[in-house]
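Below, chains carry the letters A, B, ... as their sequence lines are ordered, and counting in each starts from 1. What you see is a predicted model, and the numbers here were worked out from it, not measured in a lab.
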Amino acid sequence: MDAINASDLIRLFDAWKQLFAEQREFLISLDGKVGDSDLGITMSKSFAAAAEAVAAEGEAAGISKLLRTAGATMARTAPSTMGTLTATGFLRASKSVEGAESLGTGEMADFWVAFRDGISERGKARVGDKTIVDVLDPIARRLEEATAAGMALPAALAAAADAADAALEATKTLVAQHGKAAAFQEKTIGLQDAGATVGALLLRKLSDFAAA
Amino acid sequence: MDAINASDLIRLFDAWKQLFAEQREFLISLDGKVGDSDLGITMSKSFAAAAEAVAAEGEAAGISKLLRTAGATMARTAPSTMGTLTATGFLRASKSVEGAESLGTGEMADFWVAFRDGISERGKARVGDKTIVDVLDPIARRLEEATAAGMALPAALAAAADAADAALEATKTLVAQHGKAAAFQEKTIGLQDAGATVGALLLRKLSDFAAA
Amino acid sequence: MKKFLNDPVDFVDEMLEGIYKAHPQVTYVADDKRCMVSSSLKTGKVGIATGGGSGHLPLFLGYVGDGMLDGAAVGGVFQSPSSEQMYQVTKAIDQGAGVLYIYGNYSGDIINFDMASELADLDGIEVKQCVGNDDVASSKVGEEHKRRGVAGIYFVYKAAGAAAAEGHSLDEVHRVAEKARLRTRTMGVALSSCVVPEIGHATFSIGEDEMEIGMGIHGEPGISRKKLAPADAVIDEMMDRIFAEQDYKSGDEVAVLVNGLGGTPLEELYVLFRRVAQLMEGRGVTIKHVWVGEFATSMEMAGASVSILHLDAELDRLVGAAANTPFFKHFAA
Amino acid sequence: MKKFLNDPVDFVDEMLEGIYKAHPQVTYVADDKRCMVSSSLKTGKVGIATGGGSGHLPLFLGYVGDGMLDGAAVGGVFQSPSSEQMYQVTKAIDQGAGVLYIYGNYSGDIINFDMASELADLDGIEVKQCVGNDDVASSKVGEEHKRRGVAGIYFVYKAAGAAAAEGHSLDEVHRVAEKARLRTRTMGVALSSCVVPEIGHATFSIGEDEMEIGMGIHGEPGISRKKLAPADAVIDEMMDRIFAEQDYKSGDEVAVLVNGLGGTPLEELYVLFRRVAQLMEGRGVTIKHVWVGEFATSMEMAGASVSILHLDAELDRLVGAAANTPFFKHFAA
Ligand SMILES: Nc1ncnc2c1ncn2[C@@H]1O[C@H](COP(=O)(O)OP(=O)(O)O)[C@@H](O)[C@H]1O
Ligand SMILES: Nc1ncnc2c1ncn2[C@@H]1O[C@H](COP(=O)(O)OP(=O)(O)O)[C@@H](O)[C@H]1O
Ligand SMILES: [Mg+2]
Ligand SMILES: [Mg+2]
Ligand SMILES: [Mg+2]
Ligand SMILES: [Mg+2]
């Protein structure tokens, strides 16, 4: 599809919901290595709640309003670090696409730039701190480049998803600076960051969704 | 030996001390089946303390005084059910052999009659209640018979030890009425009573001691 | 065995050293740390002594203090203290008004308290006894004298302690203790074993998915061992037993104690209490006083018990009175 | 998983139901049980709010009550409550004198409390924050801002709560809280894992004979994992770390909290306290206040922590003041 409209967005949240239901145990054990094992629970919960909330609200609300609902719902349902950060991301994304009828490559770039900035401000994390920001940054930048290059949405998202995967892989070389993982210091080297994994999973599913 | 004198008595307590050191784990697990597993600890502790106390006091104190010291020491060191009951037994035995220079068959009968009566009064237990009284009673009665029949001490004690073993075996058919085991009711059928085991062990060691 | 201890043989005495260092409100007599008495005995007041094995904190010694008990004889882990220790405590706390013994129904304790009261009698100290037997699971109706004493003894301490603090006579305090005892029922459930330091391994084994309803606080057997059920079902089964014994009518008032055995988180105890409250509401019974926490433990055993005290106006007043011990504090409403 | 619960998803809310049924001293606002406030707010007093994940009882909500806190936002097990819940609590407890947030240094909580204070600011409610970071093991000197908040937050609550009860301004109460925070150090040790109900298995595994010094209260890694040592040696190692950070001179005064993580019997905590007292005596430091028990737990985790508050005259007065919450009671000396 060339652009994602409000009705697609509702289905996208449903796809994300299924994604995190499937990845629940994987994220629990990933977060368990240098954290507190809750990530699989909070992500599956918050995306399930968000998917239901946007479905209940319906496409008539429009993209911006749906994203706002998703963010607010997530903040309520799963107020863990990642839960609140992703909520903040969707709330900021909602603002950045106000008025848009659908998300083409350009709007998608605005979306993820706002998503990245919101999370990085709220969490006071910079690139290289081994957080979700490490994958959000290349995602946002790749989508900006794709917009400049006039790429179609599926190709742009595929490129962003690849960039996210590569950035995720690169988090293995970093030492965690934030959250529960920070306590593990050097022991976090060799492990991919759990929050960054969430970011890469989000993008891959979004890319698959747009390609279908 | 035909009679046990004060010096023998000190060595007897040492033999009992070793006996209960060896039987510690066995008694723990026996008491653990329908009790609280402490019997091996309390018996090894109380006999160790008693043996040391009588050795420290020395043979000059005489038999009655040594038994009194043993009982008082046990009451202090291991005030569990069996600890206090055996302490009571030795205190009463001490009284019953007051003035005796040594324990021949007749004095030994007095000893165990008093031992049995003291325990049974203190614990309000009767024969058949599945307690140590079930072995103390045949021991006392067999020694009284041996005295009447004019038997020598080693033979009398061997007979009493055999009677104790048989009585111990017979406790398997009984239902516990006292102590922690009473809660197990029917489940105690088939198991030999832990306290009765202590009684039988005491006698067998005493018999071996007199035979040596 | 995973425990914070040095030589297991010194466990109880080192624990007592810690307690005396932490809490100057209590001290000891006869040069024996195991003979604990309150540091501020009140002249003319009936003395209340308790005693029993260690491993059940705050039971027994934890209730020595204002508005509760005056002394406690402390035994080894799960072992009775000696009659001599009980006697020393008795002598120290007698303020001329006599002494009441309140302790649990275990043969070792009975035998030793009996011996101690004989010794005190020779000194002309009047002693009365109240032997807690609240554990419904440990014997059937008609054989209550065989029942074990468990967490419900807390209510007996509280009522008798308040009555003694009010200045009543030994006969009166004994009457109150007996009333509280007869109106207290407890049911317990265990999920895991405890480890006695000097033994070093679990007292009993229990399957990863099993519970034992009615297990005693030393690991004595209960009524039934089965698959762990949801919390509400566990409480329903336990409360059925308690309701079967005493007639709780609509309009009646009770005090409830939900007690953790040591290893069970406080969160779970509140989930259990929630169900107890629902059942009481369903019967129109008012819960006037509630305590949730650890009041009588079995070292690290996971599990819980529920004790119900059927109130009357006197017991209501007494259990609600203020108390201040190193281990138990209560502000009067 | 061996727990008393119904559906794991309902665990926290059923626990809260139990708490509200048991303790009318607390209630909730915004039609949300997870927004707990004191039932008797005092007009004109600085409000103190806390919040954090469940699974640490009596932390956090247990300290809502007279002389301590005014409200608590309650999260899922080991999860932060939401900013909305914190904001609702803030609105409810503001009595015109502003609100102080006291909570532990965890990213989820910080992010949400930050959001809540922005929302409160829009309503004209003045909010200040004090973020507990007492866990010495979790970061080195110079990086204290990275340290986790653990049991020592109790001292911050106690001091700030007493200051607020005395009627001081938000700035004053905040100053006291910050002073208590900066003078509090904690070291912990874990012997076994906890189990989060919705996860259903142990958070981490640890050998039958191992301990982990410095482990966090959610199972975050500590400084060293090794063979369980005798209690005295464990305390020596932990106290070395604390002594290395602050200069405790002869004649100084401290308050000590020996905290159980949930699964460790109270008996063992006193064995640990005994050694702490010996070390303080050795340095000529006076222990003015002692608390031994469960103040900040990790469900059924076996383990303990020691927190030391380096007193001055003001903190001495404040931590000694009376307090009365459903979970914590203290009579002033
Ligand atoms: N301050 C922060 N800013 C951005 N991301 C963060 C921050 N702290 C943690 N994270 C991300 O959150 C992930 C962990 O999320 P989560 O399990 O929800 O945290 P917690 O259990 O500690 O609340 C980390 O892997 C990291 O990517
Ligand atoms: N009232 C009693 N009178 C006589 N013997 C008793 C009585 N109660 C228990 N016993 C004996 O004590 C034994 C248990 O001893 P012990 O382990 O010391 O008891 P506990 O651990 O219950 O204090 C029983 O096997 C029984 O023989
Ligand atoms: Mg996590
Ligand atoms: Mg026993
Ligand atoms: Mg015993
Ligand atoms: Mg506990």
Check: Which pair of non-hydrogen atoms, one from D/A22 and one from C/V290, has the smallest distance, and what is that distance?
Finding: CB-CG1, 3.7 Å
Notebook entry, point to check: Do you know which of C/G55, C/S192, C/G62, C/A302 has the most heavy-atom pairs with chain D at a distance under 4.5 angstrom?
Noted result: C/G55
Margin query: Please enumerate all residues that pass ring-ring contact (aromatic ring centres under 6.0 Å, His included) together with C/F327, with sequence neighbours excluded.
Written below: C/H23, D/Y270
Notebook entry, point to check: Under a 4.5 Å heavy-atom cut-off, does chain D meet the side chain of C/L191, its backbone, both or neither?
Noted result: both
Next item on the list: Enter the distance from D/L266:CG to C/E300:CD here, rounded to the nearest 0.5 Å.
Entry: 12.5 Å
Checklist line | Leading residue by heavy atom contact count with chain D [cutoff under 4.5 Å; candidates C/V292, C/T297, C/V271, C/I235] | finding: C/V271
Note to self: Could you check whether D/R275 pairs with C/E14 (Lys NZ or Arg NE/NH1/NH2 to Asp/Glu carboxylate O, under 4.0 Å)?
What the structure shows: no
Note to self: Whether the side chain of D/E268 engages the backbone of C/F4 through a donor-acceptor N/O pair (distance < 3.5 Å, no angle test) should be reported.
What the structure shows: yes
Item checked: Top contributor to chain C interface from D/H56, D/M299, D/K329, D/H330 [non-hydrogen pairs under 4.5 Å] -> D/K329
Note to self: Between C/I206, C/I287, C/V256, who has the most heavy-atom pairs with chain D when the cutoff is under 4.5 Å?
What the structure shows: C/I206
Margin query: Could you check whether any side-chain heavy atom of D/K21 comes within less than 4.5 Å of a side-chain heavy atom of C/E281, counting everything from C-beta outward?
Written below: yes
Checklist line | Set of salt bridge (charged side-chain N to carboxylate O under 4.0 Å, His left out) partners for C/E267, sequence neighbours left out | finding: none
Next item on the list: Without swapping roles, check the side chain of D/N6 against the backbone of C/D232 for a donor-acceptor pair under 3.5 Å.
Entry: yes
Next item on the list: Take D/E210 and C/K2 through the test salt bridge (charged side-chain N to carboxylate O under 4.0 Å, His left out) and record every step on the way to the result.
Entry: CA-CA 8 Å; D/E210 287 181 328; C/K2 274 206 144 166; over 6 Å; no
Checklist line | Under 4.5 Å from a heavy atom of chain D, the part of C/D209 involved | finding: backbone
